[in-house]
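Have a look at the structure below, then the notes.
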Amino acid sequence: MSERRIAVVLFNLGGPDGPADVTPFLFNLFSDRAIIDQPGAVRVPLAALIAGARGRRARANYAVMGGGSPLLAGTTAQARALEAALSERLGPGRVKVFIAMRYWAPRSASTAAEVAAFIPDEVVLAPLYPQYSTTTTASSLRAWKAAYEGPGAVHGLCCWYDAAGLAEAHAHAIRETWEEAGRPKVRVLFSAHGLPVATANRGDPYAWQVEVTSAAIAARLGPDWDWQVCYQSRVGPMKWLGPSTPEAIAAAAREDVGVLIDPVSFVSEHVETLVELDRDYARLARQAGAPCYLRVPALGVAAGFIEALASAVERALARPGLGPDGRPCPARFSRCGREIPA
């Protein structure tokens, strides 16, 4: 094993580097057919319209974080930490971790060239979305498949919602946040990025995987903890998975219960955590009269999380092709990772 050259590719959505990048970033996002499932003649002008309409508000949100997204810096730190953990397991100098963003630099085409130049014997594809969705993981992996023409046997994680160590890393962060706040009475809200109901009804396993991850975390917290799954970041007029995080916060406030938000589908800090959770929902909780509002940090480079991810990558190396780390989805979810050829 120590003789192999192994490339690990971490996938994430990406984010604008500065204010001038916000509208082009939004255009890249909304022109993806995984996001707007329409023919190009409809999708592309619609993406331009949406990006232009949302640009000003989005720039204001990114201004809270200095004008751009911290996602690349955070993902780079995760890549370096993962590379160090894998080098300890597989041998120094044999593993190199790369980053491919879906909607902003570095995108799959440029990263694919870097990986090919590394001349790997094996390539492990590792999306930084623990729970699989056609709108995130599938889109990233399809873009990679179209871009990469280099060497190496391909292994991949279509999902790792059930990976050993992931739930424990979340539970540890929740306990730490709660204890630092003085152990108040709270309801843990496992807040995941939203998904349109129509997408979920077409066989997407995302919501089921979010529920499984959340239940596993709650089991490690113990039976005395009050918890609920909810969804944030709704956009547009269509029906989305519920309850929404604002609805769950308001319900807890009516019951005179504080809330502790765990961003269960996010492993990095970005606009959805640093602005939506830390500013918008915190304000909502105060206005609703919630006794307290706490937010668990994204897992980032926490040692337990990096070790869990390294173990998942190592297990992926031991099996061919693309597959889940942990139990597979039930057969009723027709649009899971099984549909993406490695």
Side-chain angles (χ1 to χ4, degrees), residues 1-15 69-102 105-108 110-130 137 140-141 144 148 150-173 176 263 266-270 273 296-319 322-326:
M1 178 176 288
S2 62
E3 298 301 318
R4 297 177 295 174
R5 291 171 65 84
I6 301 166
V8 178
V9 185
L10 295 182
F11 297 91
N12 216 325
L13 294 180
S69 172
L71 190 58
L72 179 57
T75 305
T76 300
Q78 290 170 324
R80 299 291 74 82
L82 178 61
E83 189 173 286
L86 288 170
S87 293
E88 287 186 7
R89 294 164 179 248
L90 303 175
R94 302 297 180 184
V95 180
K96 187 171 178 61
V97 179
F98 301 82
I99 295 168
M101 297 297 193
R102 183 66 184 94
R107 301 189 72 178
S108 287
S110 61
T111 303
E114 293 180 9
V115 173
F118 180 63
I119 315 176
D121 298 295
E122 303 189 67
V123 180
V124 180
L125 309 180
L128 285 175
Y129 326 112
T137 307
S140 289
L141 293 180
W144 178 261
Y148 187 64
V154 177
H155 311 261
L157 296 167
C158 65
C159 56
W160 40 283
Y161 70 98
D162 199 30
L166 176 65
E168 186 53 49
H170 274 279
H172 175 78
E176 193 171 64
F266 306 102
V267 299
S268 309
E269 302 289 5
H270 55 311
T273 59
V296 180
L299 295 175
V301 294
F305 166 61
I306 295 298
E307 286 301 315
L309 185 55
S311 295
V313 168
E314 194 171 14
R315 287 188 291 270
L317 278 167
R319 61 176 185 267
L322 189 71
D325 190 78

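As the structure is a prediction and not an experimental result, all values here were calculated from the model.
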For this session: Go through E3 and R94 one step at a time and tell me if the salt bridge (Lys or Arg N to Asp or Glu O under 4.0 Å) criterion holds.
Result: CA-CA 7 Å; E3 298 301 318; R94 302 297 180 184; 3.8 Å; yes

Exercise. Would L166 and L299 count as a side chain to side chain contact (heavy atoms under 4.5 Å, CB included) if you check the C-alpha gap in whole Å, the side-chain angles of each, and the deciding distance to 0.1 Å?
Worked result: CA-CA 9 Å; L166 176 65; L299 295 175; 3.9 Å; yes

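Taking OG from S140 and CG from L10, the interatomic distance works out to 11.5 Å, rounded to the nearest 0.5 Å. Between the CG atom in L90 and the CD atom in E122 there is a gap of 9.5 Å [rounded to 0.5 Å]. Interatomic distance, CD of E314 versus CD of E307, reported as 10.0 Å (0.5 Å rounding). Taking CZ of R80 as the reference point, atom OG1 of T75 lies at 11.0 Å (rounded to 0.5 Å).
Contact annotation: the side chain of F266 never approaches that of Y129 to less than 4.5 Å [non-hydrogen atoms, C-beta and beyond]. When side chains are defined from C-beta on, L13 does not count as touching M101, because their heavy atoms never get closer than 4.5 Å. Here the side chains of V115 and Y148 are in contact, with some heavy-atom distance below 4.5 Å. Between L157 and L125, every side-chain heavy-atom pair lies at or beyond the 4.5 Å cut-off. At a threshold of 4.5 Å between non-hydrogen side-chain atoms, the residues P151 and P120 count as touching. Between N12 and I99 there is no side-chain heavy-atom pair separated by less than 4.5 Å. Put simply, the side chain of T111 does not reach to within 4.5 Å of the side chain of R107, judged on heavy atoms. Considering only heavy atoms from C-beta on, L72 comes within 4.5 Å of P106 through its side chain.
Across all non-hydrogen atoms, the minimal contact from R319 to P324 is NH2-O, 3.2 Å. Heavy-atom minimum distance, H155 versus L317: CE1-O, 3.3 Å. The two residues A126 and V8 make their nearest non-hydrogen contact at CB-CG1, 4.4 Å. Looking at every heavy atom in both residues, R89 comes nearest to S311 through NH2-OG, 3.0 Å. The two residues A298 and E269 come nearest to each other via the heavy atoms N-OE2, 3.0 Å. Scanning both residues, A308 and G165, for their nearest heavy atoms gives CB-C, 3.7 Å.
A salt bridge links D325 to R315: at least one charged side-chain nitrogen sits closer than 4.0 Å to a carboxylate oxygen.
Within the 3.5 Å criterion, the main-chain N or O of V301 finds no donor-acceptor partner in the side chain of Q78. At distances below 3.5 Å, at least one donor-acceptor pair connects side-chain atoms of W160 with backbone N or O atoms of P127.
Side-chain contact annotation: R102 with S108, donor-acceptor N/O pair under 3.5 Å absent.
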